[in-house]
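The sequence lines fix the lettering, A, B, ..., with proteins before strands; numbering per chain opens at 1.
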There are 2 protein chains.
Amino acid sequence: MTDPSARPTRAQQRRQTEENILAAARQMFAELGYDRTTIRAVAKVAGVDAGLVMHYFGTKDELFSRAATLPADELPGGTTEQVTEALLASLAKRLDGEPVASLAVLRSMLTNTDAADRYRAAAEPQLSQITAAIPTADAELRASLLSAIVHGVIIERYLLRLGRLADASPDQIIELLRPCFRILATAQTPPSTSQPVTDG
Amino acid sequence: MTDPSARPTRAQQRRQTEENILAAARQMFAELGYDRTTIRAVAKVAGVDAGLVMHYFGTKDELFSRAATLPADELPGGTTEQVTEALLASLAKRLDGEPVASLAVLRSMLTNTDAADRYRAAAEPQLSQITAAIPTADAELRASLLSAIVHGVIIERYLLRLGRLADASPDQIIELLRPCFRILATAQTPPSTSQPVTDG
DNA sequence: GTCTATAACCCGATAGAC
DNA sequence: GTCTATCGGGTTATAGAC
C-alpha cells in the first residue's frame, strides 16, 4: 500500500464525498423538510455537483432514505420504573444536542409519506416495549400518550421554537416530566380525588 | 326583488364560488400541507378554473391565509384549577372532530413560515393565560410543557395516526391526561419517593 | 469520477380573448 | 366573470463530454 494519509484510495474518497453529501442532506432536510430541500442545494452545500448526487443516490427519495435513517434508539425492557426512566433518559439525550437525523424525519413526516412510514417504523417497537411495561388494560393508550408527549416536546423545542421550551435545560424539562410519566405508566390515582370538578 | 332562490345575485354567486374554493383549499392544505397543494388542484376540486382562483385571491399565500384562519380558541382566566380544566375541555373539543382549518395550519407549520407564525400567534395568548395561572417560578416552562403535550397529542392523533391515539375516545384521553396536567400546573410533588406502586 | 447540458415536467403568476 | 394561452421560473432526472 502507498501512504494512506497522503493519497486516499478511490473507495475512501468516494466514501468521504458520500458522507459529505449525506451530512449536508441531513442538515437541509432537518431545516426545510423534504419538499423544500432540493438536490441542487444539497449539492452546493456539500461542495459537489448536482449530477454527482444523482449519480450516487439515484433519486431524491433514496437520498432522503439514506440521510434520515434513525438509530433505533431502543429501550431495554424491564419493570415499569425502569422503562419510564429509560424513556426519560432517551428524551434527555435528544434534548441536548439536536438530533439532526431525527429532526429531518420529524419535519418531513407531515408532508412526505415515506418519512411518516419511517417514523412509524422507528416508533412502533418503542411503543410496544412501553406498552408491555404498563400493567393496566389501557396500556396501549398510555404508551401512545407517553410517545405523544415526547414528540410534542421535541417538536415545540426544535421545530416550532415556542415558549420557554426552546431554551430550557434538558434536566429541568426531565424533572418536570418525570411525575407525569410515572402517573401515566403506573396508573396510580392522583392524590386529588377529593375534587372531581364537574363544574365549569 | 326577483325570486332570490331561483336567481342568486352576482354577489351571492361570487360569495358561493369563493366559499367553494376556500373549502377545497382548506381540505387540501389539511391533507397535503402548504407546499404540496397547488392552485391548480384546488381549482379542480372546487370545480373552477385555476385562473379564477388567482383572480379572487391574488396569491397562494393569500389563499392560505384566508383558508387557514384559526378561531382563537381562548381560555378564560381564573384559578389554577379552572385554567387546567378549561385547557382539558379545549383539548376534548379538538379531539372529537378537529376543525379542518386547524389541521391545515398544523400540517403546514413545519414548512411554511406564515403557517408557523399563525400558529404561534394563536398559541401565545393561551400560553400567557396558562402561565399566569401557575403559581411557581418556572410557570412559563410548565405552561410550555402543557402546550407541547396538547399539540403532541393532536399531531399524533390526526396527522401521524400513531398507536391507539388515533381511535381512542376523547374522554378516555382526557381522563388519563388530567392528573398529568394537575401535577404540571400545581407543582405538587409526586408521591413517588416511597414507591407506592403495587407491583414492580 | 466529475461536471455540463438539457430533456421533460411541474409550478405560480400574468395577459388577454370572449 | 370565466377561461385559454403563455411567460418565466423551478424541479428531478438523463445523456454524454472530459
Point to revise | Base versus backbone protein contacts along nucleotides 12-18 of chain C [heavy-atom cut-off under 4.0 Å; B, S, -] | key: BSB----
Point to revise | side chain to side chain donor-acceptor pair (under 3.5 Å) against T136(A), all qualifying residues, sequence neighbours excluded | key: D138(A), R142(A)
**Study point:** Partners meeting side chain to side chain donor-acceptor pair (under 3.5 Å) with D96(B) (sequence neighbours left out)
**Key:** none
**Study point:** Note: E156(B)-R161(B) ion pair, threshold 4.0 Å (strictly below)
**Key:**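 Salt bridge between E156(B) and R161(B), a charged N being under 4.0 Å from a carboxylate O: no.
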Provide, to the nearest angstrom, the distance between the [atom1] atom belonging to [X] and the [atom2] atom belonging to [N].
{"X": "L52(A)", "N": "dA5(C)", "atom1": "CG", "atom2": "C1'", "answer": "16 Å"}
{"X": "D49(A)", "N": "dA15(D)", "atom1": "CG", "atom2": "P", "answer": "17 Å"}
{"X": "R36(B)", "N": "dC10(C)", "atom1": "CZ", "atom2": "P", "answer": "14 Å"}

**Study point:** Test side-chain contact (heavy atoms from CB on, under 4.5 Å) applied to L110(A) and L159(B), L106(B), L32(B), the passing residue
**Key:** L159(B)
Review point. Do the ring planes of F29(B) and Y34(B) sit parallel (below 30°), tilted (30 to 60°) or perpendicular (above 60°)?
Key: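 F29(B) vs Y34(B) ring planes: parallel.
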Point to revise | Angle between terminal axes - the helix from dG1(C)-dC18(D) to dC18(C)-dG1(D), 5 pairs each end, rounded to 10° | key: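 What I find for the helix from dG1(C)-dC18(D) to dC18(C)-dG1(D) is an axis angle of 10°.
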Check your understanding: Tell me, which pairs form a salt bridge (Lys or Arg N to Asp or Glu O under 4.0 Å) where one or both residues lie in residues 49-67 of chain B, sequence neighbours left out?
Key -> E18(B)-R66(B)
Point to revise | Partner set under side chain to side chain contact (heavy atoms under 4.5 Å, CB included) for A43(B), not counting sequence neighbours | key: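 Residues passing side chain to side chain contact (heavy atoms under 4.5 Å, CB included) with A43(B): V48(B), A50(B), V53(B).
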Check your understanding: Just checking F57(A): base, sugar-phosphate only, or nothing, at a heavy-atom cut-off of under 4.0 Å?
Key -> nothing
Point to revise | Considering all heavy atoms, the nearest T79(B)-A133(B) contact | key: O-CB, 4.3 Å
Point to revise | Side-chain N,O (Y56(B)) to OP1/OP2 (dT2(D)) below 4.0 Å | key: yes
